[in-house]
Amino acid sequence: MKVTVKYFASIREVMGQGSELRDTAATTLTGLRDELLAASPAHASSLARGKAVRMALNQVMSDESAALTEGCEVAFFPPVTGG
């Protein structure tokens with residue numbers, strides 16, 4: 001299925017792009033993150049397990065078990081603080 005992946009803040013800087021359209025066999029955010037980790041060194045370093053990375057599915061904060069659907073939008077971003 002095709003999904004739009006968006007990257008924000010420091011993740012976008014490492015990735016060198018704000019978004020990409022990807023074909024994926026993943027059915028959940030966990031599966032998509034695993035695919036992305038294997039996609040390139042930039043993906044691996046910015047989305048590594050153990051790093052604080054938040055995810056949203058169709059603009060709703062989601063955990064990694066959330067199910068992907070054709071044409072959905074997935075966003076990855078670091079935690080943000082106010083001040």
Side-chain angles (χ1 to χ4, degrees):
M1 83 179 82
K2 290 197 183 300
V3 299
T4 300
V5 182
K6 294 190 172 188
Y7 305 107
F8 293 92
S10 60
I11 297 172
R12 180 182 60 229
E13 292 173 20
V14 172
M15 297 303 301
Q17 61 185 353
S19 67
E20 62 179 307
L21 184 62
R22 294 194 64 96
D23 255 333
T24 182
T27 58
T28 64
L29 286 175
T30 297
L32 178 62
R33 189 173 183 180
D34 289 342
E35 283 184 7
L36 292 170
L37 288 170
S40 75
H43 286 90
S45 68
S46 62
L47 301 175
R49 299 279 177 204
K51 280 196 152 188
V53 175
R54 303 289 185 250
M55 292 174 286
L57 178 61
N58 295 324
Q59 300 181 1
V60 176
M61 294 295 293
S62 301
D63 67 24
E64 291 194 4
S65 65
L68 302 179
T69 57
E70 179 70 34
C72 67
E73 177 187 281
V74 177
F76 291 96
F77 49 96
V80 294
T81 60

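All figures in this text were calculated on a predicted structure; none of them were measured in a lab.
- Listed by first then second residue, pairs satisfying salt bridge (charged side-chain N to carboxylate O under 4.0 Å, His left out) with a partner in residues 11-21 read Glu20-Arg22, not counting sequence neighbours.
- Between the side chain of Glu35 and the backbone N or O of Ala26, at least one donor-acceptor pair lies under 3.5 Å.
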Scan the side chains in residues 48-59 for donor-acceptor partners under 3.5 Å anywhere in the protein, sequence neighbours excluded, and list what turns up.
from, atom 1, to, atom 2, distance (Å)
Arg49, NH1, Glu64, OE1, 2.8
Arg49, NH1, Glu64, OE2, 2.9
Arg49, NH2, Asp34, OD1, 2.5
Lys51, NZ, Ser45, O, 2.9
Asn58, OD1, Glu73, N, 2.9

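- Partners of Asp23 under the salt bridge (Lys or Arg N to Asp or Glu O under 4.0 Å) rule, at least two apart in sequence or in another chain, are Lys2.
- To the nearest 0.5 angstrom, Leu29 atom CG is 7.5 Å from Cys72 atom SG.
- At distances below 3.5 Å, at least one donor-acceptor pair connects side-chain atoms of Ser40 with backbone N or O atoms of His43.
- Scanning all heavy atoms of the two residues, the minimum distance from Leu47 to Tyr7 falls at CD1-CE2, 4.5 Å.
- Between Met15 and Ser46, the shortest heavy-atom contact is SD-OG, 3.4 Å.
- Ring geometry for Phe77 against Phe8 counts as perpendicular: the plane angle is over 60°, on a 0 to 90° scale with 30° as the lower cut.
- Shown here for Thr69 and Val3, the closest heavy-atom pair between the two residues is O-CG1, 4.1 Å.
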Full working for side chain to side chain contact (heavy atoms under 4.5 Å, CB included) between Leu32 and Val5: CA-CA 10 Å; Leu32 178 62; Val5 182; 4.2 Å; yes
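- For Ser10, there are no side-chain hydrogen bond (donor to acceptor under 3.5 Å, both in side chains) partners two or more places apart in sequence or in a different chain.
- Thr28 is linked by a side-chain hydrogen bond (donor to acceptor under 3.5 Å, both in side chains) to nothing, counting only residues two or more places apart in sequence or in another chain.
- From Glu70, atom CD reaches atom OG1 of Thr24 across 10.5 Å, with rounding to the nearest 0.5 Å.
- Not counting sequence neighbours, the partners of Thr4 by the side chain to side chain contact (heavy atoms under 4.5 Å, CB included) test are Lys6, Leu21.
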